[in-house]
Amino acid sequence: MAKWTPKHEAPEPLEGPVVATITGGTILWFVLFLVQLPFYGWFDDHGHTWWVWTCLAGAGLGLIGIWYVRKRDAAIKRAAAAGTDPAATAAE
């Protein structure tokens, strides 16, 4: 089998409101958990309790994500204020 090689360069990553996006997703997961909680009995009867716990896990992992992207954003801003290249700092 021949090794696959890309035919073009990968696009630059998109930068946007990362903290707001992760926060919004975390809130959405937690709201979904709260909405499903009153119907826990129905989920249990039908063997779908994993739906409820998946939403809670998404909210918990989202909290870790918020912590991570806030630290990343602060590091990028510190690097920009210091006049260094944030990509070079992250590679070290």
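Keep in mind that the numbers below use all heavy atoms, side chains included, and drop hydrogens, waters and symmetry copies.
Between the CG atom in L61 and the CH2 atom in W29 there is a gap of 9.5 Å [rounded to 0.5 Å]. Atom CG of D44 and atom OG1 of T49 lie 6.0 Å apart (nearest 0.5 Å). If you take CG on L28 and OG1 on T23, they are separated by 12.5 Å, rounding to the nearest 0.5 Å.
The shortest heavy-atom contact between T26 and G62 is OG1-CA, 3.1 Å. Shortest non-hydrogen contact noted between V52 and L37 is CG1-CD1, 4.4 Å. Minimum heavy-atom separation, G65 to I22: C-CG2, 3.7 Å.
Contact annotation: the side chain of V69 never approaches that of D73 to less than 4.5 Å [non-hydrogen atoms, C-beta and beyond]. Considering only heavy atoms from C-beta on, H48 comes within 4.5 Å of W50 through its side chain.
Using the six-membered ring where Trp is involved, Y40 and W53 have ring planes that are perpendicular, over 60° apart on the 30 and 60° scheme.
Transitive grouping of hydrophobic side chains (ILVMFWY, heavy atoms separated by less than 4.5 Å) brings F43 and F33 into a common cluster. With hydrophobic clusters built from ILVMFWY side chains whose heavy atoms lie under 4.5 angstrom apart, L34 does not share a cluster with L32. If you chain together hydrophobic residues whose side chains sit under 4.5 Å apart, V19 and Y68 fall into the same group. One hydrophobic cluster holds both I66 and V18 under the rule that ILVMFWY side chains link at heavy-atom gaps under 4.5 Å.
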